[in-house]
Amino acid sequence: MADYIVELLNVTKIFPGVKALDNVSFNLKAGEILALLGENGAGKSTLMKVLSGVYTKDSGLIKVFGEIVEGLTPKKAQDLGIAIIHQELNMCSHLSVAENIFLGREIVRNGILAQKEMNAEAKKILDSLSLDIDPETIVGTLPVSKQQMVEIAKALSTNAKILIMDEPTSALTAKEIEELFKIIRKLRDEGRGIVYISHRLEELRYIVDRVTILRDGQFIKTMDFKDTDMREIISLMVGRDIKEKYPRIECGVRKKIFEVKNLNAGRMVRNINLELYEGEIVGIAGLMGAGRTETSRAIFGADPKDSGEIWLHGRKVTINSPADAIREGIVVVPEDRKKYGLCTKLSIKNNISLPNLNRLIMFLGYINKKQENIMSQTAVDNLKIKLTSADANADSLSGGNQQKVVVGKWLANNSKIIIFDEPTRGIDVAAKVEIYNIMNQLKRQGIGVLFISSELPEILGISDRIIVMCDGRITGEMLASEATQDKILELATKFETKLA
Amino acid sequence: MESKRKNVLHQVLSIRGMGQVVTVSAGLLVLCVIFGALNPNFYSGRNIANLLRQIAPFIIVGIGQSYVLITGNIDLSIGSVLGMSCMISATLMTKGVNPWAASLITMIACIMVGFINGGLVSGFKLPPFIATLGTMTVARGIAQLVNNNMNTDAIGESANGFRNFFYYGKTLSLYNTVWVALALWLVFNFILSQTKVGRHIYAIGSNIEAAKLSGVNTAVTTTIAYIVSAFCAGVTGLITCATGGLGTMDAGTSYELYAVAASVIGGVSTLGGQGILLGTIVGACVWGVMQNGLQFVGAPVALRNIVIGIIVIVSVLADVIVRSGKGKKSITRFLGVSLKIK
């Protein structure tokens, strides 16, 4: 057993009211990539926070390189060679690459920062990762993918032997993911142990050697990746067989309800034409940065349009602000629910009623609290939102349930067209299926659903028709029954040829 | 009956932000007990009546600042608007203008400052600290300008009705100043807690992007908050004018900070989205009782300032620790960080 560089034995961690980790055992070898899998709330992050010293375990044993470690702190973990790369990048965006890499461990000569030395050192590390980044670049000016690489370089600069990566690919394009994987494999071949946490099960097969599965704070199983398959992994994660990963219903397409004509809004929304019929879900596929979110924001009036018309039920509507769009019943469930979707410090109830206050007003702007309770309860019941109290803060909910609250506020608005922008990002498998079911339910009710997603399997699985965007333009359209991943990818990378 | 009472109590306590109000009220009670023990005259009817009249202006400017803080902004111009209000009204009255007409003109001028603050912050996206720092200086300049850089003469006997209404008069054995404060509190508390505008103010403070995408007109709502703040400062300026019976150019200096203190002691978050006006009243009372009480037991002014400053910091610190739910952890984290800096 000497080849384990990390061993956690029967680790338990209790938060007030929750047993976040219940006797979990976990190990990692040198030179392997181990996927740590589980639904949201399964305890993956907690386990890794225990290992990196952020949380203190309540009981159990931690061994690093065969030595028992007690009283682990983030600093101590770093000294032991454990580095964690967070899902949300922890970078000072106004500082340079080198300054970020050496943050907190600056090289000082005679009380003065050795700027040149640090730049040179940073360059060396970046080169070792075959990254062409100038160490003096301001981090905020780099694309997210490059920032991620800088984060990895930062970890390596501490000479980390154990790397923990939490959802490193969630903001990357396919090409960037490929580059990242190349680097991860290289790090493995150099003998480092890598813990890889991801909800994107499809990508595991490219890099993972072994998987460990947690569920509800308990250790479920660890196995070699080649001995298992997706079905088994998913069923172990959720604890039951998910038969319908992508439930689909057929409604029969009826009349046209929504049309966007020649919409232009800046470089990322160019000459967009799309139609939506009753009883269908239209998927919008494309790479990150293809202009899909921008298109949804332009339709919604969140960003100004340069030109174009929007027609709803055969009537031309004028939308200059989200308030206009909401009045017409055209709404967006935005991609980053914490940033754009919810007022996290307000109660769940107040979030649901926020765009619908006009219908709750009795006199002088006075809000009818009884009606508000009914509105919120209806949404909670319809969407099966799991909560302790509708008066609790919106951020007390899990990701999937937060998403449902955002949907709930638009259903209470009697919306006619709902644009879902990456609705399943960062939520677990079971919650994803619930979101799909909600979209299907809307489709059955005759509500138009536009579904923006970067995950091809779900676009293919849920949509009836697929529109592909690239570089701010629509590059293709097809029926889901005729679509394949290859076809979509080809259209999604159809960049304009730049003539010399 | 018993269960019904319990139910009401439960409901009151479950109001957001009520926890902090209860804690601070307990602190206020302790303060009163201490000052009473040090000097029993603290409890005399006369002192209580005076104390409440002293607190009233803090309540009023506190209401305005709370509105702005809950939207996630700050209003530094309150003190200067107060001074401007005091000077404009007094100057007009010494020139023979009817006191009520003078008050009306004054309030219009003050509201315009609020409108400009709101426009700069929500329309032109200036950082609120800078925008209101600018209007603070301008408003103070106007206060100095209106009477040629001099304090005014006494506003005279024709203004006795005005002075009675805002300062000297009593109704039901409470000074009118207190009634003015309570009336404003009732109105603005209703707006903030029961109406659409109020809900929008909280939503903006919690997440302005999400609010905008939910159809909230963020520019209008933010401007309303600033107008309320300027309105409250204006009324307090009229009170100050009625108190002294003349206009002083430096009236209201530092009041914007007293207003912040009343708000945050009462549990309004400077980060926006949280707090209730009941807390602002209690916060203003703590502020007033400290000032009055320390004076009553003969503490020198310098000591008073130091003690009051410490109270503001402690009350916010206590709030941070309670809210994170793990006081010990935030302290160790704080120590850990400071060690790292070393």
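Residue numbers start from 1 in every chain, and the chains themselves are labelled A, B, ... in the order their sequence lines are given, proteins ahead of strands. Fair warning: this is a prediction, and the values are worked out from it, not measured in the lab.
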### Message
Quick check on A:I361 against chain B: is it the side chain, the backbone, both or neither that has a heavy atom closer than 4.5 Å?
### Response
side chain
### Task
State whether the number of non-hydrogen atoms from other residues, nucleotides or ligands found under 6.0 Å of B:F190 atom CZ is greater than 12.
yes
### Query
Between A:N368 and chain B, which part of the residue has a heavy atom less than 4.5 Å away: side chain, backbone, both or neither?
neither
### Summary
Ranked by heavy-atom pairs below 4.5 Å to chain A, first place among B:K212, B:Q194, B:H200 goes to B:Q194
### Task
Counting only heavy atoms closer than 4.5 Å, note whether A:L360 contacts chain B via side chain, backbone, both or neither.
neither
### Task
Decide yes or no on side chain to side chain contact (heavy atoms under 4.5 Å, CB included) for A:R297 and B:L213, but give the supporting numbers first.
CA-CA 9 Å; A:R297 285 179 62 94; B:L213 294 180; 4.2 Å; yes
### Task
Please flag which part of A:T73 lies under 4.5 Å from any non-hydrogen atom of chain B: side chain, backbone, both or neither.
neither
### salt bridge (Lys or Arg N to Asp or Glu O under 4.0 Å) evaluation trace for A:E372 with B:R199
CA-CA 12 Å; A:E372 188 179 20; B:R199 185 66 62 75; 2.6 Å; yes
### Task
Name the member of A:T344, A:L357, A:D324 that forms the most heavy-atom pairs with chain B at distances under 4.5 Å.
A:L357
### Under 4.5 Å from any heavy atom of chain B - which part of A:K338
backbone
### Query
What part of A:Y340 lies closer than 4.5 angstrom to a heavy atom of chain B: side chain, backbone, both or neither?
both
### Task
Under 4.5 Å heavy-atom distance to chain B, tell me which part of A:A394 shows up: side chain, backbone, both or neither.
neither
### Task
Select one option (side chain, backbone, both, neither) describing which atoms of A:L354 are under 4.5 Å from chain B's heavy atoms.
both
### Query
Is a donor on one side and an acceptor on the other found under 3.5 Å between the side chain of A:K345 and the backbone of B:G272?
yes
## Note on the structure
Separation between OG1 (B:T195) and CG (A:L364), nearest 0.5 Å, reads 9.0 Å
## Note on the structure
In this structure, CG of A:L346 is separated from CD of B:Q274 (nearest 0.5 Å) by 9.0 Å
### Message
Determine whether a donor-acceptor pair (N or O, by modelled atom type, separation under 3.5 Å) exists between the side chain of B:N207 and the backbone of A:K339.
### Response
yes
### Task
Give, as side chain, backbone, both or neither, the part of B:V197 having an atom under 4.5 angstrom from any heavy atom of chain A.
neither
### A:L103 atom CG, over 12 foreign heavy atoms within 6.0 Å
yes
### Message
Ignoring hydrogens, what is the shortest heavy-atom contact between B:A203 and A:C343? Give both atom names and the distance.
### Response
O-SG, 3.5 Å
#### Entry: For A:A323 against B:G215, the heavy-atom pair lying closest together
CB-O, 3.7 Å
### Query
For the side chain of B:S214 and the backbone of A:P355, is there at least one donor-acceptor N/O pair under 3.5 Å apart?
no
